[in-house]
Amino acid sequence: MADVTQRVLALLATLQTGRAFTGEELAARLDVSPRTLRRDIDRLRGYGYPVKTRPGPGGHYRLAAGSAMPPLALDDDEAIATLLGLATLASTGSAAEGSVDEAATRAYGKVDQYLPKRLRHRAAHLRTSLETGTAPTPSISADTLASLADAIRHHTVVTFDYTGRDGSTTSRRVHPYRHVHHHLRWYLLARDTRKDDWRVFRIDRITRLRMSTSSYTPRPLPADTALDYLRRGFDKHRERVVVTVDAPLPVVAEAFAYRDVELVALGERRTRAVLMLDTWQWLLPDIAFLEADFTVEEPAVFRDALRAFGARLLRHG
């Protein structure tokens, strides 16, 4: 029976990738005969998983969405990771109705009913023992994220109202390309049709999202990744700062945990940190908590400002 269970779980894991498989392909992947494969498909259907079959030439098996969700095929670590992920997401935002964080809160309270019985007690224990701190961030509409994902997938032109930093609202018509999650904010990388240029939009500032009937031909991204483009925009008016710290990389990483920083170990007890900052003052809190000697390699203006600040501390300390 253990072999049968393991085999069926392997079949389920394969089908849950979302793609269609021929019978020959599945049999080869699982190293079973076609007859055994058909029996295991029937077992999955008996457990409530809607496995669809397309017979004849080009036929295949595919796991379709069902009307009721059967038990999830999660092992212990995956079940714990799922609950922790939901708890973390639920701790952000304002729990506005229809938001992703509000949906995560609801899912966190009932996901264990979809777990195998052997895992439900562990899920219950984790829920009763876990507390999370809140991180106040703008709530994001789950429907907006899902609709944008559909538009990105199908290359559909969308329009929406966008509230800028100054509070003014404008109407936008864009070709959506990527979602980006960065520092507890959700962004959309898109091509603005009126400006004929790339733009990044905060998704929490998007309202009245509408899908058009028009499609667009995708272009190459303006950077290696959407995240690279987002960071490039953030760094446009910032200085590149290089600091060498007399401390191991893990210690420096902890001090710069809330910064976009590139760290390079220069031996066991020295680390180079490269980051982009608006002013030299932003460097002070992170460096102060390190309690280690450091050298600001560049820019010179930051180095001079820190020396002047140190002299002021000495005079008035």
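Note that the numbering runs from 1 along the sequence shown for the chain. Because only heavy atoms are used, hydrogens play no part in the values below, and waters and symmetry mates are left out as well, while side chains stay in.
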Quick one: are L283 and F256 in side-chain contact, heavy atoms under 4.5 Å?
-> yes
| Is there a donor-acceptor pair under 3.5 Å between the side chain of R194 and the backbone N or O of S171? | yes
Is it the case that more than 12 heavy atoms not belonging to R122 sit under 6.0 Å from its CZ atom? no
Are R153 and D150 ion-paired here, with the side-chain N under 4.0 Å from a carboxylate O?
no
By side-chain hydrogen bond (donor to acceptor under 3.5 Å, both in side chains), R191 pairs with (sequence neighbours left out) D196
Give me the ring orientation class for H181 and W186: parallel if the planes are under 30° apart, tilted from 30 to 60°, perpendicular past 60°. tilted
The reported gap from CZ in R62 to OG1 in T53 (rounded to nearest 0.5 angstrom) is 12.0 Å
| request: Might you confirm whether atom CG of D31 has over 12 heavy atoms from other residues, nucleotides or ligands at distances under 6.0 Å? | output: no
**Asked** Looking at side-chain heavy atoms only, is the closest gap between R202 and I140 below 4.5 Å?
**Response** no
* Might you work through the ring pair (Phe, Tyr, Trp, His ring centres under 6.0 Å) test for Y216 and Y177, ending with a clear yes or no? => CA-CA 11 Å; Y216 63 91; Y177 277 78; 5.4 Å; yes
To the nearest 0.5 Å, atom CG of L249 lies from atom CZ of R270 at 13.0 Å
Notebook entry, point to check: Under a single-linkage definition using a 4.5 Å side-chain heavy-atom cutoff for Ile, Leu, Val, Met, Phe, Trp and Tyr, are V180 and I152 assigned to the same hydrophobic cluster?
Noted result: no
Side-chain heavy atoms under 4.5 angstrom apart, residues restricted to Ile, Leu, Val, Met, Phe, Trp, Tyr: same cluster for V264 and V261?
no
Quiz prompt | H182 and Y187, any side-chain heavy atoms less than 4.5 Å apart | solution = yes
Does CD belonging to Q281 count more than 12 external heavy atoms closer than 6.0 Å? yes
When rounded to the nearest 0.5 Å, the distance separating OG1 of T144 from NE2 of H179 is 9.0 Å
Using a strict 4.0 Å threshold on nitrogen-to-oxygen distance, state whether D204 and R185 make a salt bridge. no
Separation between NE2 (H175) and CH2 (W198), nearest 0.5 Å, reads 9.5 Å
Treating R205 as the side-chain partner and F201 as the backbone partner, does any N or O pair qualify as donor plus acceptor under 3.5 Å? no
One should read off an interatomic distance between T159 OG1 and L209 CG, to the nearest 0.5 angstrom, of 7.0 Å
Worksheet item: Are side-chain heavy atoms of F21 and R29 found at a separation under 4.5 Å?
Response: yes
Rounded to the nearest 0.5 Å, the CZ atom of R231 sits from the NE2 atom of H183 at a distance of 7.0 Å
Check this for me: R269, atom CZ, are more than 12 non-hydrogen atoms of other residues, nucleotides or ligands nearer than 6.0 Å? no
Check: Charged N to carboxylate O below 4.0 Å: is that the case for R45 and D42?
Finding: yes
Are L227 and I203 connected, step by step, through hydrophobic side chains (Ile, Leu, Val, Met, Phe, Trp, Tyr) whose heavy atoms are closer than 4.5 Å?
no
R259 side chain near W282 side chain, heavy-atom distance below 4.5 Å: yes
Hydrophobic clustering (ILVMFWY, side-chain heavy atoms < 4.5 Å, transitive) - are L290 and F294 grouped together? yes
Subject >> Backbone N/O of E297 and side chain of R303: donor-acceptor pair under 3.5 Å >> reply: yes
Is any side-chain heavy atom of L37 closer than 4.5 Å to a side-chain heavy atom of L11? yes
Flag side-chain contact, heavy atom, 4.5 Å: L277 against F302: yes
If we ignore hydrogens and angles and just use 3.5 Å, is the side chain of T193 paired with the main-chain N or O of R173 as donor and acceptor?
yes
